[in-house]
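The structure under discussion appears below in the form of structure tokens.
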Amino acid sequence: MARPEMLEQIYTVVAQIPPGRVTTYGRVAKMTEGATPRMVGSAMRKLPDGSALPWQRVVSASRRLADHGGAPRQRERLVAEGVTFDAAGRIPVTLLWP
DNA sequence: GGTATGACCATAC
DNA sequence: GGTATGGCCATAC
């Protein structure tokens, strides 16, 4: 079940990502006790569009945008923050948030 | 309660 | 750099 505490902790971790940096689903899951990458993805999917949560800063472990309907919008929001993409559409390792 | 699906990851090849 | 496999666990039906 989606325990509210865990969901809130996921939101807290995501909210702590600095602007211009990104992190991966696995990292968020590891920082959240009892969570798995799938749950992080589910949590993001459930978010309303106008959410203040910086969901765009969560990317897949290969440093690409996850494959979902809002991916183009996510890429635009990241670029607007100053996140750069290389020719292969990957985010530089230096932008990863530990 | 079983089965299928999903904004995933680590590992092996 | 790719594909395949197993694991993870909440949701939907």
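Every chain is numbered from 1, with letters handed out A, B, ... down the list of sequences. In what follows, every heavy atom counts, from backbone to side chain, and hydrogens, waters and symmetry copies are set aside.
- With C1' as the reference atom, B:dT5 and C:dC8 are 14 Å apart, rounded to whole Å.
- Without hydrogens or angle criteria, A:Thr24 side chain to A:Arg27 main chain gives a donor-acceptor distance under 3.5 Å.
- Regarding A:Met6, its CE atom lies at a distance of 15 Å from the P atom of C:dC8, rounded to whole Å.
- Here the separation of B:dG1 from C:dA12, taken at their C1' atoms, is 13 Å to the nearest Å.
- Taking atom CE of residue A:Met39 and atom C1' of nucleotide C:dC8, one finds them 9 Å apart after rounding to whole Å.
- No donor-acceptor pair under 3.5 Å is formed between the side chain of A:Arg63 and the backbone N or O of A:Arg90.
- In this structure, the CD atom of A:Glu33 is 15 Å from the P atom of C:dC8, given to the nearest Å.
- Separating the C1' atom of B:dG6 from that of C:dG7 is a span of 14 Å, rounded to the nearest Å.
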Nucleotides 9-13 of chain B: which of its N/O atoms have a protein N/O under 3.5 Å away?
unit_1: B:dC9; atom_1: OP1; unit_2: A:Gly26; atom_2: N; d: 3.4
unit_1: B:dC9; atom_1: OP1; unit_2: A:Ala61; atom_2: N; d: 3.0
unit_1: B:dC9; atom_1: OP2; unit_2: A:Ala61; atom_2: N; d: 3.0

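- Figure legend. C:dA12 is base-paired to B:dT3; pairs are counted as Watson-Crick or G-U wobble with both atom distances under 3.5 Å.
- Distance, A:Arg63 CZ to B:dC8 P: 17 Å, rounded to whole Å.
- Separating the CG atom of A:Asp49 from the C1' atom of B:dA7 is a distance of 13 Å, rounded to the nearest angstrom.
- Nearest nucleotide to the A:Gln74 side chain, out of B:dA7, C:dC9, C:dG1: B:dA7.
- Heavy-atom minimum distance, A:Pro54 versus A:Val14: CG-O, 3.5 Å.
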Step-by-step salt bridge (charged side-chain N to carboxylate O under 4.0 Å, His left out) determination, A:Arg57 to A:Glu81: CA-CA 10 Å; A:Arg57 296 178 193 146; A:Glu81 281 185 354; 2.6 Å; yes
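- Following rounding to the nearest Å, A:Ile10 (CD1) and C:dC9 (C1') show an atom-to-atom distance of 11 Å.
- Contact annotation: A:Arg90 reaches the phosphate of C:dG1 (side-chain N/O to OP1 or OP2, under 4.0 Å).
- In terms of modelled atom types and a separation under 3.5 Å, the side chain of A:Arg64 and the main chain of A:Ile91 share no donor-acceptor contact.
- Under the 4.5 Å side-chain heavy-atom criterion for ILVMFWY residues, a single connected hydrophobic cluster contains both A:Tyr11 and A:Trp97.
- Transitive grouping of hydrophobic side chains (ILVMFWY, heavy atoms separated by less than 4.5 Å) keeps A:Val22 and A:Val28 in distinct clusters.
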